[in-house]
Amino acid sequence: MTSNTRVVVIGAGLAGVRLARRLGELGTPVTLVGEEEHRPYNRVLLAEVLAGRYTPDVIALPAPAALTRARVTGIDRGARTVACADGSKIAYDTLVLATGSNPVLPPLRGLFTADHELPKGVHAFRTMDDCLGLSEAVRPGVKAVVIGGGLLGVSAARALAQRGAQVILAQQSERLMERQLDPSASKLVRRHLGDLGVEVHTDLRVRDVRCVGGAVRSVEMADGYTLDAEIVVLACGVHPRVGLAQTAGLDVRKGIVVDDELRTSDPHIHAVGDCTQHDGTVYGLATPALEQADVLAELLAGRANARYTGTRSLTRLTLTGQTAFDLAAFGETEALPGDDVVQLADATRGTYRKVVVRDDRLVGGVLVGELGTVGALARAWEGAEPLPAGGPLLHLLTNDGGS
């Protein structure tokens, strides 16, 4: 790629900023287009802003100088331009979509006003504006209902409790963070939230949002039970933001389909981050997004041997309260028939460690509490190499393993 090639990146989240910075370091000029008025920021840390631990400035990302604030409304693939809401157009030779994801808004009665807006007191939790609006609404004693018990819902519930809210977390499935954790680890997360004053209800589906005068007053469950609510937080997951790609006629399935060079069905357009689908997988996590950005930077800078072959990513969450509570999970945390499982639990200290081994390979694990072994375990899992003979797993679970 020549030095005067016009690279345009749409999206100033973690993936877009990382890509723009790496391209700059490699001597390739780039224009980064972001629609939010705020400085680019680390979305992973929004719950810490809500909890009052960090200010927005602390989670700001070092953005490249060539940052254009605009909302892109369309892509003209023939002319190789993108159209912006203010009427301007930006020309490109190579376009990168780093459009991220949107929050899932559940199909609840009463969720939207006549103007198709969320009622007063009902908040998604995805952007800095969402976070600041929610932060402004929180006060000690306010009644808050968090809908969704995944990673985002747990983080939001913890943050609201830290601010003194009376928090109820409603989870439709039978346990918290079921995508990442096994039942034992989920119970420890639930216990920790309970220690913070969060009332957790599982196997509970929300059916209706009740409003008075355009403001939320309660939520009704499928069984008819009603919870008073002055604040409702929607933490029901995210889905890839693919509208631009679909309108432009790119191959879109669950996400924007990309190959090992992060190239879409148009050879002049690439995609990275939450909006992408690579080899059938939509990750929706920070680590894969950053790895994709690094690979694409190498490719666009002319290092033709770079390839993205997928990410084996680890989920890590720190919950703060009277005492810190750390957890990490990776791979398959539930054993299949024939798998070997090693687990250690200390109910008094609230710690739990478990690894799953299949055909002499570490295929997954979950750790709650003391995470001194997580580095060694993650390296063994990421390497996917046969484990050495001699019972090393108990050693890894009970020692720092060199991490």
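In this chain, numbering begins with 1 at the start of the sequence shown.
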Backbone of H38 reached by a side-chain donor or acceptor of R69 within 3.5 Å = yes
Could I get the full list of side chain to side chain donor-acceptor pair (under 3.5 Å) partners for E36, not counting sequence neighbours?
-> Y41
Does R307 pair with E261 as a salt bridge, N-O distance under 4.0 Å?
-> yes
Looking at side-chain heavy atoms only, is the closest gap between I75 and L97 below 4.5 Å?
-> yes
Any sub-3.5 Å donor-acceptor pair from S186's side-chain atoms to D182's backbone N or O?
-> yes
Closest approach of L362 to V356 (non-hydrogen atoms, all atoms of both residues) | CD1-O, 3.5 Å
Nearest 0.5 Å please: distance from the NE2 atom of H270 over to the CG atom of L299.
-> 7.5 Å
Answer yes or no: are there more than 12 heavy-atom neighbours, outside D223 itself, under 6.0 Å from its atom CG?
-> yes
Y54 side-chain N/O to I59 backbone N/O, donor-acceptor pair under 3.5 Å = no
Quick one: pull up CZ in R43 and CG in L14 and give me the separation to the nearest 0.5 Å.
-> 8.0 Å
Return yes if some donor-acceptor pair links the side-chain N/O of K354 with the main-chain N/O of V341 below 3.5 Å, else return no.
-> no
Just by modelled atom types, is the T127 backbone N or O under 3.5 Å from a matching donor or acceptor in the D130 side chain?
-> yes
Point-to-point distance, once rounded to the nearest 0.5 Å, from CZ of R6 to CZ of R80 = 8.5 Å
Provide the closest heavy-atom pair for A293 versus R18 in the form atom of the first, atom of the second, distance.
-> CB-CG, 3.7 Å
With side chains defined as the heavy atoms from C-beta onward, is the minimum distance between H201 and M221 less than 4.5 Å?
-> no
Have T315 and Q180 got a donor and an acceptor in their side chains that come within less than 3.5 Å?
-> no
Excluding sequence neighbours, so at least two apart, what forms salt bridge (charged side-chain N to carboxylate O under 4.0 Å, His left out) with D208?
-> R109, R210
For the residue pair L244 and T73, what are the closest heavy atoms and their distance?
-> CD2-C, 3.7 Å
Side chain of S135, backbone of C131: donor and acceptor closer than 3.5 Å?
-> no
Would you call V366 and L327 a side-chain contact if the rule is heavy atoms closer than 4.5 Å?
-> no
Can you see which heavy atom on A345 is nearest to which on Y352, and at what distance?
-> CB-CD1, 4.0 Å
Donor-acceptor pair, side chain of T68 and main chain of V33, under 3.5 angstrom = no
Might you work through the side chain to side chain donor-acceptor pair (under 3.5 Å) test for T281 and D279, ending with a clear yes or no?
-> CA-CA 6 Å; T281 300; D279 196 22; over 6 Å; no
Output, in order, the C-alpha distance, side-chain angles, deciding distance and verdict of side chain to side chain contact (heavy atoms under 4.5 Å, CB included) for D251 and T264.
-> CA-CA 7 Å; D251 185 8; T264 70; over 6 Å; no
Of the options R139, K120, K143, which is the one that meets E230 in a side chain to side chain donor-acceptor pair (under 3.5 Å)?
-> R139
Does atom CZ of R71 have more than 12 heavy-atom neighbours from other groups under 6.0 Å away?
-> no
So does D274 pair up with R241, basic N to acidic O under 4.0 Å?
-> no
Side-chain donor/acceptor of E220 to backbone N/O of R207, under 3.5 Å | no
Side-chain touch I231/V216, heavy atoms, less than 4.5 angstrom | no
Can you measure from CG (D266) to CG (L95) and round to the nearest 0.5 angstrom?
-> 8.5 Å
Does R158 pair with E48 as a salt bridge, N-O distance under 4.0 Å?
-> yes
Any side-chain heavy-atom pair of W381 and V355 under 4.5 Å = no
Report, as yes or no, whether the 6.0 Å neighbourhood of atom CZ on R77 holds more than 12 heavy atoms from other residues, nucleotides or ligands.
-> yes
Residues forming a salt bridge (charged side-chain N to carboxylate O under 4.0 Å, His left out) with E174, sequence neighbours excluded = none
When you measure from the side chain of T94 to the backbone N and O of V7, does any donor-acceptor pair fall under 3.5 Å?
-> no
Please answer whether the main-chain N or O of G255 pairs with a side-chain N or O of Q277 as donor and acceptor at a distance below 3.5 Å.
-> yes
Test L46 against M128 for side chain to side chain contact (heavy atoms under 4.5 Å, CB included), laying out the working first.
-> CA-CA 7 Å; L46 281 177; M128 180 64 78; 4.0 Å; yes
All heavy atoms of V9 vs all of G16, minimum pair found to be CG1-CA, 3.9 Å
How far does CG of L290 sit from CG of L19, to the nearest 0.5 angstrom?
-> 11.0 Å
For side chain to side chain contact (heavy atoms under 4.5 Å, CB included), just list the numbers for Q292 and V258, CA-CA rounded to whole Å, side-chain angles, deciding distance to a tenth of an Å, and then say yes or no.
-> CA-CA 11 Å; Q292 290 171 4; V258 296; 5.9 Å; no
Does a side-chain heavy-atom distance below 4.5 Å link L118 with L234?
-> yes
Would you call L181 and V368 a side-chain contact if the rule is heavy atoms closer than 4.5 Å?
-> no
Side chain to side chain contact (heavy atoms under 4.5 Å, CB included) between V198 and V146, intermediate numbers included | CA-CA 10 Å; V198 177; V146 176; over 6 Å; no
Among pairs that include at least one residue of residues 99-157, which meet ring-ring contact (aromatic ring centres under 6.0 Å, His included), considering only residues two or more places apart or in two chains?
-> none
R379/E382 salt bridge by N-O under 4.0 Å criterion | no
Write out all pairs satisfying ring-ring contact (aromatic ring centres under 6.0 Å, His included) with one or both partners inside residues 211-254, taking only residues at least two apart or from two chains.
-> none
Can you tell if the side chain of F330 reaches within under 4.5 Å of the side chain of L377, non-hydrogen atoms only?
-> yes
Quick one: CZ on R21 to CG on L32, what's the gap to the nearest 0.5 Å?
-> 12.0 Å
Please name all residues satisfying ring-ring contact (aromatic ring centres under 6.0 Å, His included) with H278, sequence neighbours left out, ordered by chain then number.
-> Y308
Determine the minimum heavy-atom distance between C84 and I90, stating which atoms define it.
-> SG-CD1, 4.0 Å
